[in-house]
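Per chain, numbering begins at 1; letters A, B, ... match sequence-line order. Just so we're clear, the structure is a prediction, and the values are computed from it rather than from any experiment.
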Amino acid sequence: MATAFKSLASKLCGVIVRGHLTTKSYIPKAHLSVYNPKYVEPVLDKDTLSKGLEDDDIRHHRPVKAPTTDLSISPLFYDDDIRKFTNMMMKGGNKERVREITRRLLENIKHMQVEKYNKTATDEEKSQIECNPVTIFKQAVENCKPLLTTIRVVKSGVAYRVPICARPSDQRFRAMKWIIESCRDKERRIPMENKLTWEIMDAYNNQGKAVRKKQEVHRICESNRAYAHLR
Amino acid sequence: MASSLSVKKTRLILGVMNRSLHLSSSLKSQESEKLENKKESSLDSEEFRVYEIKGLKKVSFVRRPERWSKRFPPPRYRTMPTDQDWTDVWPTASTFKWSAVPFPVRQGYVENSSENEGVIPSKYANLELMKGPNFLHLTPAHVKKHCKAIKHFCTQWPEGLDTDEQCQKHFPLESVTSDYVFAGPSLTDDRARVASIKFKLTDLELDNHARDKFIRLVGDRYDPDTGDVVFESNRCPLKSQNLEYVKFILTAVYFESWKRESWEQQKELSDMEQYVWDQNKSSKTCVSLLSDIKARDMASGDEQGKLSYLSEKEVDASVVSDLPEVQQYKEAVENLFNDGESIETLNTYRMAVEKLLNLKLDV
Amino acid sequence: MAASIGQKLSSVASRTNSLLKKTVKLTEHTPCACPYYSTAAKRLEHEPRIACRTSETDPRKHTGDHVGLYYTVPEEEMAVIKTGMHPWHLRMMKSFNESCLMVRKPALELKGYLDKLNLKHPVPRFLLYGRRGSGKTLTLHHTMQCCHKDGWIIVHAPWAGQWVRGWYKEVAVSTYKPDRYDLPADSAEWLTHFRAQNLGKLSELKTTSEYIWTKREKAEVGTSFEEIINFGLSRLKFSSDCVGVLLKELRVQAETQGLKVLVVVDSVNAFYVQWNQQNALKNMEKKQLRPGEISLVHNFKKMLSPTWSHGVAICAVSEEANDEDKREDFTPIYLLGQEGFEALDPFIPIYVPDYTEKEALSNINYYIDRNWIQNDYGKTDEGKRELMFVSNRNPFNLAKICAQL
């Protein structure tokens, strides 16, 4: 009995450790977790669930963690970048509207690409065309991400703009912010989703206002490279 | 201290008794006389007392008479024969008596396992059983006995009134009055003067208008679920007066509902509670449409696709409304408005229209 | 505690199991290798290609076997239904580089009735009803194409609500009767629509009586329909009258010359219900207009009354044509009101249901085939089931959800 328990416990530990490895965070999860270490990971796979638990399974005796949103929500409707982008676009808590805008944005991109796809004759050309709107969106954001940013450092009464490496979260934030701002600057009568579509397709092709903004930031960093040691 | 005193007392009594026994025996035998003498002499001569070793001499042990205590006879149910007459045991309504009830029964609530060892209390001295009413005086045997006793006073049930339906048919009016008997200083009871009559609305001869008006006049005295009308009165001092009064009400309302006032003519279609096909535009459209179709059929003379059910008859409103197809259509339309629209009612309407216009679905 | 967790897990498992069992077994179920289904979105390898198309492009030959399958509308026939179609559909067709419609049961039922019809009888009326987005309009288009092939003249009102709602719309007093009102722009639009739908048939049709527009202008007996349309388009003032003339001529010629006329009115309840003060059409004195006062509506109402023969009227009711507080139900009498019911009665109500499981699957498979569903999970068996569940198999909901995938 005791040996069986030990082996099960070691298996379970394995499960927990594996769970940690899948996360991207550099901080060990256990340090931040609100859960007692006794809690085990939830099982979401339907096949495993349908099998049920064996009599001597340790999970009979352990509490289970609640599944996080990105695990429990359907991959049909959830993407972390899209969620972030939607929330950044939101004004005054009007989420319903920004979600509609995002939905139409993806639809527009898809319309553009699928039309091209269906009109080309050969398979070779077809394989060149990216139709997935989420992939295009991600690539566009990727193209707008700045590698360097500047911070303000005051040394002996003089303020310097010191170039530093941008953090990944900062990169994503900057890229999305620039895309949204460049669309807000455009003609007001045009629907937001249409402006976003053009901007994102431009950024996907490494053109457009947001990409230029990135290059501008890079240029400033380049010109201030002499102060890099000040950080 | 008290215990030692009581011990001494018993010894004393024992000694006296021993002596009296000795005396009675000495009267009979000489040996006992000798012994008596010896004893006297020994007493006289004041010899040393002989040490008596305990247990060496046999002592005759006299049983103590038992103390009086209250003895209960065994409960009655223990001695009951199985074929007894229960009506004798329990003749009238009474509180539950555990000793007279021969079956096991438990009643009550046990909060936890420490209370009464977790078992629901049995019938012995069970207050819960005594609180509630019981029906041990109303067993079939009791009822039978009662009936047998009062049969003497009953008359023959009239023939032809075997079922409830027959009773309802021959005696549609049901009047209810009550008498109250109770022990008290006054013989009168306020409630005794109330009289009510009850009947089915369908038993009255009424047409659509009269029926509608009757229902409006009687208000909540009519129950649409059962179709019963109840008139009740307590306004007169005597029961018979009240009964007469409710019968008068019935007569008055009945004749009033047959009357048509001038203002009743102003009722329009939109005021109707129910959709009546005959009064609505739908019936007129239907008749005109059918006559149109008939005219076209006659003109073309083509057999195919003809409205076959119209072939012989003249088309006018009275003839059309008797046709089974039109009847079905009428029912469907009325259903649609009165029961509300749903996919089912719309489908029946569709079927009816298909038949009416001779449209066939070919799938 | 332990038992309760066990119970929870097993109850969840049994629920998911039952959910799987309830639906039709589509493919061999291959278990996912990954523990969480967010990462398990792999396309099933041996997924059978469920047929979602039929090669039968002639809508007259569609039978019950074709239900749920897509057929391609040929380019030349697209012209019939194109002008009346919602831009949303047209955009989809453009992206898909083909125009396909699904064969559905209500359209087949309509076709069944039309095949057995006695045309000498007064016009029968058919009324499509169904939930929002269940495909009433596309069913009408399917039937129109079917009748077009049979050589019917098509009179189509694509969205009747447009004629009774008014925002900054030009309203003119009718030149024919002073208590009626014309909508010159809408009439002209309808004339072009009518011409596009019946291309090639109108030049042969001639008027049978004389129509005098003004003192100097008139249409002689024997003027072709084409010329009347051109006149209406060039003189917008008389465009509504031209519509009236065309409709009257069609009724007369159907009766006398055996012309087959198909009248299709989408959202017919707009003809019979009154719009609220804010949205209703108003005349120059800011007086609210009843639908019957508008000459276009008045003329179309005549087409729906059973006073003429050799024709069929097919209508659809839609919730959008009613006021916002009168959209609780989708049933005909609720939407039409008493007046509308009396005008159309006796009609044949045809229920347009939401997709069946087969139809929904066919729709999803068609989208996958056209590369429209890009989400990998959406292409899996489970993903398809989820799409069906989330959209409740309502065609419009399904299309809306699939648009963002």
Side-chain angles (χ1 to χ4, degrees), chain A residues 15 18-19 22 40-55 57-64 67 70-79 82 99-100 102-120 126 129-136, chain C residues 1-21 29-41 88 91-98 367 369-380 382-384 386-387 389-390 399-405:
Chain A
V15 169
R18 249 182 280 139
T22 52
V40 294
E41 293 289 334
V43 180
L44 295 170
D45 182 36
K46 284 176 186 170
D47 292 318
T48 324
L49 280 175
S50 63
K51 276 173 203 155
L53 288 180
E54 284 173 22
D55 288 341
D57 199 306
I58 190 82
R59 281 172 292 183
H60 281 304
H61 314 286
R62 288 287 179 87
V64 183
D70 56 331
L71 293 181
S72 58
I73 206 164
S74 160
L76 280 178
F77 307 109
Y78 182 83
D79 184 273
I82 300 275
R99 282 178 70 166
E100 184 64 20
T102 319
R103 196 185 69 75
R104 289 200 182 140
L105 160 70
L106 297 178
E107 189 184 350
N108 284 348
I109 296 174
K110 211 159 68 162
H111 265 298
M112 285 169 86
Q113 297 302 98
V114 168
E115 193 181 347
K116 269 188 224 162
Y117 179 89
N118 282 327
K119 277 189 177 153
T120 49
K126 274 186 181 180
I129 298 169
E130 175 61 57
C131 288
N132 194 338
V134 179
T135 319
I136 290 175
Chain C
M1 185 63 197
S4 74
I5 290 170
Q7 274 169 7
K8 252 185 241 166
L9 279 171
S10 59
S11 74
V12 168
S14 67
R15 252 182 282 147
T16 46
N17 245 356
S18 62
L19 196 75
L20 289 176
K21 273 173 202 160
H29 192 75
T30 43
C32 302
C34 311
Y36 305 128
Y37 68 70
S38 61
T39 51
W88 194 84
R91 193 184 181 196
M92 289 286 259
M93 286 176 169
K94 194 176 156 226
S95 292
F96 292 169
N97 202 23
E98 62 175 8
Y367 281 157
D369 177 61
R370 290 283 93 195
N371 220 20
W372 185 242
I373 293 179
Q374 287 290 331
N375 192 312
D376 285 331
Y377 182 67
K379 293 175 188 172
T380 59
E382 261 174 78
K384 286 177 191 175
E386 191 174 328
L387 280 175
F389 177 77
V390 172
K400 202 175 160 190
I401 288 167
C402 289
Q404 60 178 324
L405 296 181

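Taking a 6.0 Å sphere around CZ of A/R99, one finds it holds 12 or fewer heavy atoms contributed by other residues, nucleotides or ligands.
The two residues A/L76 and C/L405 make their nearest non-hydrogen contact at O-CD2, 3.2 Å. Counting all heavy atoms, side chain and backbone alike, A/K110 lies closest to C/C402 at NZ-O, 2.8 Å. Closest approach of C/Q374 to A/N132, counting heavy atoms only: OE1-N, 3.5 Å. The two residues A/N118 and C/F96 make their nearest non-hydrogen contact at ND2-CA, 3.5 Å.
Between A/F77 and C/Q404 there is a side-chain heavy-atom pair separated by less than 4.5 Å.
Among residues two or more places apart in sequence or in another chain, the salt bridge (Lys or Arg N to Asp or Glu O under 4.0 Å) test is passed with C/K94 by A/E115. In terms of the side chain to side chain contact (heavy atoms under 4.5 Å, CB included) criterion, residue partners of A/D79 (sequence neighbours excluded) are, by chain and number, A/D81, A/I82, A/V134, A/K138.
Annotation: the span from C/K400 atom NZ to A/E107 atom CD amounts to 10.0 Å, rounded to 0.5 Å.
Panel note: side chain A/K119, backbone C/N97; no donor-acceptor pair is recorded below 3.5 Å.
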